[in-house]
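Read through the structure below, which is laid out as structure tokens, and then see the notes.
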Amino acid sequence: LNARKKIVKDKGVAPTELEEEVAKALFDIEVTPSSDIKADVRDIKISGAQDVEVKNRVALVVHVPFRVWKNVCKIQGRLIRELEKKFNKKHVIFVASRTILDKNFRRKGLKVRPRSRT
């Protein structure tokens, strides 16, 4: 089962059951021969997933690393439609999880620290 490679977690943290289900759904979309978003889904990984109660329905919030956010945006509409088919009666939302760097950011291999200009 290759779906496990779709989950990016910190070392030693086991993925939850829901995260594994989402990873499996993404993997299924990737291996479906008729899928038109197959190539783009290959690059997408998830960093977390959780269920959120909204009014009287359940929404599935999928956290993706910021590095793959641009790929998610490209195919977001089609990807959400596919995932909503797999997780019936759930809304699917994608959220990018950004890493906030501390003052000692150079050990991560970055030269300049990104900062918000707002």
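Note that the numbering runs from 1 along the sequence shown for the chain. Not measured: the values here are computed from a predicted model. What you see below is based on every heavy atom in this structure, not just the backbone, and it leaves out hydrogens, waters and symmetry mates.
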Residues at least two apart in sequence or cross-chain that pass side chain to side chain donor-acceptor pair (under 3.5 Å) with K38, listed by chain then number, are none

Name all residues meeting the side chain to side chain donor-acceptor pair (under 3.5 Å) criterion together with E19; count only those two or more places apart in sequence or in a different chain, and write none if there are none.
-> K9

Could you work out, with salt bridge (Lys or Arg N to Asp or Glu O under 4.0 Å) as the rule, every residue matching [X], not counting sequence neighbours?
{"X": "R78", "result": "D36"}
{"X": "D43", "result": "none"}
{"X": "R42", "result": "E30"}

Flag side-chain contact, heavy atom, 4.5 Å: [X] against [Y]:
{"X": "L83", "Y": "I29", "answer": "yes"}
{"X": "K5", "Y": "F27", "answer": "no"}
{"X": "D40", "Y": "L79", "answer": "no"}

With rounding to the nearest 0.5 Å, note down the distance linking CD in E21 to NZ in K86.
-> 12.0 Å

Any chance you could measure I44, atom CD1, to Q76, atom CD, to the nearest 0.5 Å?
-> 9.5 Å

Report, one line per pair, each donor and acceptor closer than 3.5 Å where one atom sits in a side chain of residues 47-71; sequence neighbours left out.
unit_1 : atom_1 : unit_2 : atom_2 : d
S47    : OG     : H63    : O      : 3.2
S47    : OG     : S97    : OG     : 3.1
Q50    : OE1    : H63    : NE2    : 3.3
D51    : OD1    : K90    : NZ     : 3.3
D51    : OD2    : K90    : NZ     : 3.4

Should [X] and [Y] be regarded as members of a common hydrophobic cluster, given that ILVMFWY residues are connected when their side-chain heavy atoms come within less than 4.5 Å of each other, either directly or indirectly?
{"X": "L18", "Y": "I7", "answer": "yes"}
{"X": "V8", "Y": "L26", "answer": "no"}
{"X": "F87", "Y": "I75", "answer": "yes"}

Going by an N to O cut-off under 4.0 Å, is there a salt bridge joining E82 and K85?
-> yes

